[in-house]
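Report on the structure given below.
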Amino acid sequence: MPEPVRGSSSVGCPWDTVAMTDAAAPSVPGQDMRLLLVDGHAMAFRAFFALPADSFTDGRGQSTNAVYGFARMMINVVQSERPTHVAVAFDLPGGTFRDRIYDQYKAGRDETPEQFHGQIALIQQVLDAMGITWLTVEDYEADDIIATLATRTAAAGGEVLIVSSDRDAIQLVGESVTLLQPVKGVTELRRMDPAAVEEKYQVAPELYPDLAALVGESADNLPGVPGVGPKTAAKWIAAHGGLAGILAHADEITGKAGQSLRDHVADVERNRRMNEAVRDLDLPTDPSRYALGRGDRAALAGVFDDLAFGPTIRRDVPDLLLADDAAQQDAAEERAAEVMAELVRPDAERLATLLSDELAAGAALEVEGSWELGEGDASAIALATADVIAVVDVAELDDAAERALAAWLADPAVPKTAYDTKASAHRLRARGLQVAGWAMDLAIAEFLCRPDQRPTDLPGLALRHLQEDLASSTAAAQQSLDLEGTQDDARAEQLGRRADAVRRLEPLLRADLVSHAVEPLLDDLELPLADVLGRMEAVGVAVDDGVLADLDEQHARQQEAVAQSAFSHIGGDPINLGSPKQLQEVLFERLGMPKTRRTKTGYTTNAEALEDLFAQTGHPFLADLLAHRDVTKMRQIIETLRRSISPAGRIHTSFQQNVAATGRLSSIGPNLQNIPARTEEGRRIRSAFHASAGFETLLTADYSQIEMRIMAHLSGDEGLIEAFRSGEDLHRYVASRVFDVAPEDVDPAMRSKTKAVSYGLAYGLSAFGLARQLHISQKEATALRDGYFERFGGVRDYLRASVETARETGYTETILGRRRYLPDLTSDNRQRRENAERVALNSPIQGSAADIIKLAMLRVDAALREASLASRVLLQVHDELVVEIAPGEREAVTSLIVEGMGSAYELSVPLEVGVGTGRTWLDAAH
DNA sequence: TACGGAACGTA
DNA sequence: CGTACGTTCCGTAC
C-alpha cells in the first residue's frame, strides 16, 4: 500500500557521487539504521548567537560565525553519536500552510540580523562538501521534514536522533526517537528520551503538543490560556488524559483558570492544529540518500579555505563523514565511461575540419609529455570545447594536418586555456610548435585568488571547484595516470578528460578572478609574463663546468684539511660534522660547552650560536666546524649546479608564478635565485655563469633600494621622499636625521644601525629582534626605533594604518591590486595574530616590488623584440635582471633596460637602476 | 621510501 | 620575538 504523501521536496547534495543504487540498499529503512536529523535554521540561529559575528569572517566581509558553530556542532554530534545516516532540514523563505491558518504565526519576531545573511547558503555548501543531504519542502517547515523522516524510520525499526531547539520536536520523542536539545550554544546537547520529557514537562512526549497548546508558544506568537502555565496544563492533562478530554470536560474545571480556559478554547484549538507536526511529506525514501560517508576531503578543505576556517576544525572532521577511496573510485569509473562517449580521436584528415569548425573559437588544452623531449615520449595534445574533446597524436599527423595544427596554435585570435600555460607551451615548443593566444592559466588564476594556498594539481583544483561530474571524471583521470605504460587509448582518454576538466573550470576561475578583483593582474601581467618566463627558461644560461670543477676541487682539499683539523681538537672517533645530533654530543657533553638556544630536537648548532660559543670559549674546534660548514655548503651548491647542466652546457631553471604568496617569482630545478653573492668565496661560483657563444657579455641590472622606495611612496613620508630625491646615500641620509648629525659625520655604526631599522620596519620587527640582530640592548633598540619614527612619522603612520586596513578588509594589497588574505589578523591567538601583522606589513612592500619588476620584464622583453635585438633576458633575481648581450648591442640594450626598468611604474620617488656588464655573472656585478 | 626539522643560500 | 623563498642533509617513521 502506497504511503500517503504531500508536498514537493528538493534535495541538495551535489557530492552524491557514490554508486549506491536502490538495488544495493534496502528500499525501506532497516533496523541497522541510526538516523540523525538536524533542524538547520534553528541550529544555525543558535550558533549565530553563541559566537561573536565580528570575530568570524571569511576575510571578505562575510560573517561566518553561524557556519562555524554549525559545522562544529555537526562534527561533534556525528563523532559522538556515530549515526549511519544524516539529514538536515531547512525552512524556506516565505510562508507555510500554517500562515494560512493563522496570519499572526511567528509575527513579532526580530528582523534577521544583517550578519546572519548568507550564512545559511554557506552552511549548505559545507554540508554538500561533507556529503550530508539537506532538504527543504515548499510550504512546510523543517520540523515537518524531521517529523516525516523520524516517524518513517522509527516505524521501520530504525533509531532516530533529532537535533533541534524547537519545542515542536518534543512530540516526536519515543522509544526509538531521542531529541538532542542544545543547552548552551550549539555544542552542548541534552538527551531527551521519553523519561526525560516526562521528568521535565510532567507529560508524555506525545501529549506535549496538548500542553503547549494550553500554555502557548511565545516564539511562534501563539498565545495560550492566560493564567495557565505548564504546571496547571500538566495537571489537567493527567486528569483528563489529554486535550480532547480537557475540552470535553471544560465546564467541570473550576476556578479562575477554568474560566480562562473556557474563554480561550478557540485559541487552544488553533494552537493545537498549528503545533501538530506533519509526518507524511513526500521525501526521498531511499536510505542511501541519507547515508553517511560521502564527504569529500578536498572539497571540504576548499570550502573551509574560502571560509577562512583554521586548522582545528579540519582536523576534527570525523572519517565517518568522508568517502573512502574505493567508493570514490567506483563512482569515478562509472562517470568516466560517460565522458568517454564524447571523446574523439581525429585522423589527420579530420583535424583540419575540426580546427576550422569546432575549435575555431578557442579551446582548453592539455599536452602530454615533458618539455625535455625524450625519444620514447608520446606527443598527444587534447583539445576540449563544450561539444568535443579531440585527442591529437602529433607524431601521426601528415604534413598538411600538422601545418593546420601549428597555424591554429600560433593564431593569437584563438583563445586558449591551459592549467599551466608555461608548461604546455614548453611541451609544444619541444615539438616545434609555437603558441599564441593564451587567454587563461588556471593555476595562476587560482593563485591570484588564494595566494596562501599550496599549489594543487589539476584534479585537486577540479575537486575544489566543481561538482560531481568533473570531480569524478578528473579523479578517474588521476587514477589512470597511475597505469603507466598502458595502451594509447587509455592515455588518450585520460588526457582528454584532463582537457575537459580545464575547459569546465575556465569560467569558474574567471568568475573567481572577478570576485577577488584580480582579473587585470592575470590578463595584463601574469599571463603575458608566463610567456616571457617560458622563453627565458627555454634559453637557459650558459655555465662552464670546468670552472665549477676547479672550484670543487679546491673546496674538496680545503674540506679535507679543515675536517682533519676539527677532529684533532676533539679527540675520540671522528664524527659526522653534518649531523646536528652528533655535534650536540660533542659540544655540550664531550667538550662541556654552555647550552645554546633550544630547538625542537635539542640545542641549536647554527652558525650564529657557534660564533657565540667561539667568542665565549675560543675553542678551535668551533672555528674549524664553521669553516667546514662553509666549504661543505659551497660544494653542495656547486654539485647541484653541475648536475643541472644540460648536454648543451646550459642550465634551465623554472620560474614559478604561483608559489610565493607576496607575488615574487620562485626558481627551482635548480634555484638560480640563491647563488652566493655575499662573500668573496661564494661569489666565485658566479664566474661559471657566462655569456653564450655568439654573445658578447652578460649584463646585470638591479633596482637600487626598491623596497625602501616603495615604502617612501606608500607612506608619503616627506623625509623619506626627500632622502631619495637628494641623491645622497639613503642610509647615510636617514642616519644623519635619526642621529641629528651632518651626513658626513655619520659613522659606519650609525649607518648600519639605521639600515637595520629601515629594513626591519618593512619586516615588522620588534625591539627584541632588532636588539638581537644588532647585539644591542632592548632599551637601546627601542630608543633607536623611536628616534627613527620621530623623524619619519609618516612611515610609522603608514605602517599602523596598513595593518588596520588589512584587519578591516581581511587582505593586503599591492600597487597593482594583488591581494593577500590574512584571516589571522583577527585571531584571538596572539602568536598567530602578530605573525599575520608582520606579514601584513611586509606583503604590500615585497609584493609591490614584485609587481614592478614583473612590469619591467614585460616592457624590456617587448622593447627588445620591437627593436629586433638579439639580446635576451635570462634570469630574474627579485630586484635584478640578468641579460645576455648580443655583439654590438651593448649600448642600445643598456639604455633600453635602464629605461624599461626605471619607468616600469611611476612612484613618488625615482626608480634607480644600476647596471654592470662583463663576460661572467661575477664580472657583471657592479 | 617518505617526511619533518635544522641549517643556510638569496632578495 | 622581522619578510619571502629552495635545497640539502640527517634522523626517524614507515
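For clarity, every value in this text was computed on a predicted model and none was experimentally measured. Within every chain, numbering begins at 1; the chains are lettered A, B, ... in the order of the sequence lines, protein sequences first and strands thereafter.
Annotation: cation-pi geometry satisfied between A/Arg598 and A/Tyr603 (NZ/CZ under 6.0 angstrom from ring centroid, within 45° of ring axis).
In this structure, A/Gly760 reaches the bases: a heavy-atom distance under 4.0 Å links it to at least one base atom across the strands shown. Looking at heavy-atom distances under 4.0 Å, A/Leu761 makes no contact with the nucleic acid at all. Backbone-only contact: A/Ala607 has heavy atoms under 4.0 Å from sugar-phosphate atoms and none from a base. A/Asp452 comes within 4.0 angstrom of no nucleic acid atom, judged by non-hydrogen atoms across all strands. Within 4.0 Å of A/Ala661, counting heavy atoms only, lie sugar-phosphate atoms of the nucleic acid but no base atom. Residue contacts shown for A/Gln656 are limited to sugar-phosphate atoms, with no base heavy atom under 4.0 Å away. Using a 4.0 Å heavy-atom criterion, one finds that A/Arg635 contacts no nucleic acid atom at all. Using a 4.0 Å heavy-atom criterion, one finds that A/Glu707 contacts no nucleic acid atom at all. Within 4.0 Å of A/Gly682, counting heavy atoms only, lies no atom of the nucleic acid at all. A/Ser667 comes within 4.0 angstrom of sugar-phosphate atoms only, judged by non-hydrogen atoms across all strands, and of no base. Residue A/Thr605 is in sugar-phosphate contact alone, with no base atom involved, counting any heavy-atom pair closer than 4.0 Å across all strands shown.
Pairing for C/dA13 is with B/dT1, a Watson-Crick or G-U wobble pair whose two hydrogen-bonding atom distances lie under 3.5 Å.
Following rounding to the nearest Å, A/Leu625 (CG) and C/dC9 (C1') show an atom-to-atom distance of 14 Å. Between the P atom of B/dG4 and the CZ atom of A/Arg454 lies a distance of 12 Å, rounded to the nearest Å. Rounded to an integer number of Å, the gap from A/Lys600 NZ to C/dC10 P is 21 Å. Here B/dC8 presents its P atom at 21 Å from CD of A/Gln673, a figure rounded to the nearest Å. For the pair A/Tyr603 OH and B/dA7 P, the computed distance is 14 Å after rounding to whole Å. When the P atom of C/dC10 is taken as reference, atom NZ of A/Lys633 falls 13 Å away, rounded to whole Å. One atom, NE2 of A/His628, and another, C1' of C/dT8, lie 14 Å apart when rounded to the nearest Å. Atom pair A/Gln559:CD and C/dT8:P shows a separation of 16 Å (rounding to whole Å applied).
Rounded to the nearest 0.5 Å, atoms CD (A/Glu560) and NE2 (A/His628) are 8.5 Å apart. A distance of 15.0 Å separates CZ of A/Arg772 from OG of A/Ser777, quoted to the nearest 0.5 Å.
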A/Gln657 vs A/Lys422, side-chain contact (heavy atoms from CB on, under 4.5 Å): CA-CA, chis, key distance, verdict
CA-CA 10 Å; A/Gln657 287 168 278; A/Lys422 180 153 64 65; 4.2 Å; yes

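Set against B/dT10, C/dC5, C/dA4, the side chain of A/Val659 has C/dC5 as its closest nucleotide. In the set C/dC5, C/dT8, C/dG11, the nucleotide with an atom closest to the side chain of A/Gln582 is C/dG11. Closest to the side chain of A/Ser766, from the set C/dC1, C/dA4, C/dG11, is C/dC1. Picking from B/dC8, C/dC5, B/dA11 the nucleotide with the shortest atom distance to the side chain of A/Arg629 gives B/dC8. When distances are taken from the side chain of A/Val839 to each of B/dA11, C/dA4, C/dT8, the shortest belongs to C/dA4. If you check C/dC10, B/dA7, C/dT7 against the side chain of A/Thr640, the one that comes closest is C/dT7. For A/Thr601, the side-chain atoms get nearest to B/dG5 when compared with the rest of C/dG11, B/dG5, C/dA4. Residue A/Ser579 has its side chain nearest to C/dC10 when only B/dA7, C/dC10, C/dC5 are considered.
If you check distances only, the side chain of A/Arg664 does reach the base of B/dA11 with a donor-acceptor pair under 3.5 Å. Side-chain to base pairing of A/Arg678 with B/dA11: one donor and one acceptor N or O lie within less than 3.5 Å of each other. Between the side chain of A/Gln846 and the base of C/dT3, a donor-acceptor pair under 3.5 Å is found. In terms of polar N and O atoms assigned as donor or acceptor, the side chain of A/Asn671 never comes within less than 3.5 Å of the base of C/dG6 in a complementary pairing.
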Tabulated below should be each protein N or O lying under 3.5 Å from an N or O of nucleotides 12-14 of chain C; please produce it.
{"unit_1": "C/dT12", "atom_1": "OP1", "unit_2": "A/Lys581", "atom_2": "NZ", "d": "3.1"}

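Considering only side-chain N and O atoms, A/Arg838 lies nowhere under 4.0 angstrom from the phosphate OP1 or OP2 of C/dC1. Side-chain nitrogen and oxygen atoms of A/Asn576 include at least one within less than 4.0 Å of the OP1 or OP2 phosphate oxygen of C/dC10. Side-chain nitrogen and oxygen atoms of A/Asn835 include at least one within less than 4.0 Å of the OP1 or OP2 phosphate oxygen of C/dT3.
Applying side chain to side chain contact (heavy atoms under 4.5 Å, CB included) to A/Gln673 and the options A/Glu880, A/Arg664, A/Gln876 leaves one that passes, A/Gln876.
Atom name P, nucleotides B/dG4 and C/dG2: the rounded distance is 25 Å, in whole Å.
Side-chain atoms of A/Arg686 do not come within 3.5 Å of backbone N or O of A/Ala924 as any donor-acceptor pair.
Side-chain contact between A/Asp452 and A/Tyr821 is absent, with no heavy atoms from C-beta onward closer than 4.5 Å. Residues A/Ile651 and A/Leu641 meet the side-chain proximity criterion, which asks for heavy atoms closer than 4.5 Å.
Ring geometry for A/Phe792 against A/Tyr788 counts as tilted: the plane angle lies between 30° and 60°, on a 0 to 90° scale.
With 3.5 Å as the limit, one finds no donor-acceptor pair spanning the side chains of A/Thr812 and A/Ser843.
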